[in-house]
Structures are given as structure tokens and as C-alpha cells.
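Along the sequence shown, residues are numbered consecutively beginning with 1.
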Amino acid sequence: MRQRMPKPGTLGGLISTYFAEEHFLERSKATKREYRMCARILHPIRDTPVSTIDTPLLAAIHDKLAKKYSWDKANRVRNFLIQVFKFCIPKGLISKNFAEAVIKKTAPERHARDV
């Protein structure tokens, strides 16, 4: 079965652009595996238009991922998106790194100890 190419101007298009970047291609095998895992998690929303991506949307996605998977996996996806946007801004594909302003989740154990 042939996989469909992501549409330009979408989250999937940004991810595809990043995966073609030298920066990604030079990462370690472990980092590439992790980033591909993050892309698989985001696959259901790959057709989200870039024009609708902003920090509140990414914060809501981050919250949903934390509930569905874990705080750690949500943070990994956040970090992946930071990299994707960082390399797509100079290409004019997105205007800002909206993922940077999303607040990381804390580990539940750490949070409980601080209280």
C-alpha cells in the first residue's frame, strides 16, 4: 500500500520538510526513531492547516497527549515540534515557533515531592 504524501501548507507538510533537513538526517538513530514516533502520534492531525497552528492549539494538543499517553510523551512531541518549526520558519512555511511557548508537563512523582 502506497503512503499518501502530506499536503503542502499542513502540519504533515512541515514534518515532511523537517525530515528532509540535513539537521534531522544527521541525528543519531535513537533521535530519528524518537522523532518518527512523534510524527506517528501526530499523524491523525497531519492535515491541520499551518494557518490554524498557534500556541493555544498546541497547548490543547499537548494536554490531550498527556492524558492519552503520558506527560513524558507529550513533552517529547512538544520538543519535536519545536525542532520542526525552528527549521520551517526560515523557509517561510510557518511564521513563528508556536511550540516554544507551550509549558512542559512535570513528572507526577516530582510534583508530589514538591508539595
Fill in the blank from the handout: Rounded to the nearest 0.5 angstrom, the CD1-CZ distance for Ile53 and Phe98 is 8.5 Å
Exercise for the section: Drop me the distance from Leu14's CG to Ile94's CD1, to the nearest 0.5 angstrom. Expected result: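 Here the interatomic distance stands at 5.5 Å.
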Fill in the blank from the handout: Sorted by chain and residue number, the salt bridge (Lys or Arg N to Asp or Glu O under 4.0 Å) partners of Glu21 (sequence neighbours excluded) come out as Lys91
Handout entry: Contacts of Asp63 that satisfy salt bridge (Lys or Arg N to Asp or Glu O under 4.0 Å) - sequence neighbours left out
Key = Lys105
Over all atoms of both residues, closest heavy-atom pair of [X] and [Y]:
X     : Y     : answer
Ala20 : Leu25 : O-CD1, 3.7 Å
Pro44 : Ile41 : CD-O, 3.2 Å
Thr52 : Thr48 : OG1-CG2, 3.3 Å
Ala74 : Ala66 : CB-N, 3.6 Å
Leu93 : Val50 : O-CG1, 3.2 Å
Ile89 : Lys96 : CD1-C, 3.6 Å

Exercise for the section: Say whether, by atom type as modelled, one donor and one acceptor occur between the side chain of Arg78 and the main chain of His62 under 3.5 angstrom. Expected result: no
Handout entry: Shared hydrophobic cluster for Leu11 and Ile82 (ILVMFWY, side-chain gaps under 4.5 Å)
Key =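 Cluster IDs for Leu11 and Ile82 differ.
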Exercise for the section: State plainly whether one hydrophobic cluster holds both Trp71 and Leu65, where clusters connect Ile, Leu, Val, Met, Phe, Trp and Tyr through side-chain heavy atoms under 4.5 angstrom apart. Expected result: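 No; Leu65 is not reachable from Trp71 via cluster members.
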Handout entry: Tyr18 and Phe80: CA distance, side-chain angles, deciding distance, side-chain contact (heavy atoms from CB on, under 4.5 Å) verdict
Key = CA-CA 10 Å; Tyr18 176 68; Phe80 167 65; 4.2 Å; yes
Validation row: [X], [Y] side chains within 4.5 angstrom (heavy atoms):
X      : Y     : value
Pro49  : Thr10 : no
Thr17  : Phe87 : no
Lys104 : Asn79 : yes
Leu58  : Asp54 : no

Exercise for the section: Please assess His23 against Gln83 for the test side-chain contact (heavy atoms from CB on, under 4.5 Å), listing each intermediate value before the final yes or no. Expected result: CA-CA 9 Å; His23 179 266; Gln83 290 300 307; 3.1 Å; yes
Exercise for the section: Verify the neighbour count for atom CD of Glu22: are there more than 12 heavy atoms of other residues, nucleotides or ligands below 6.0 Å? Expected result: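 Check fails, neighbour count at 12 or below.
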Handout entry: Polar contact flag, side-chain donor to acceptor under 3.5 angstrom, His43-Arg40
Key = no
Practice task
Give the intermediate values and the outcome of side-chain contact (heavy atoms from CB on, under 4.5 Å) for residues Met37 and Lys73.
Solution key: CA-CA 10 Å; Met37 176 269 305; Lys73 198 162 276 191; 3.9 Å; yes
Problem - Full working for side-chain contact (heavy atoms from CB on, under 4.5 Å) between Val77 and Leu81 - result: CA-CA 6 Å; Val77 170; Leu81 287 173; 4.2 Å; yes
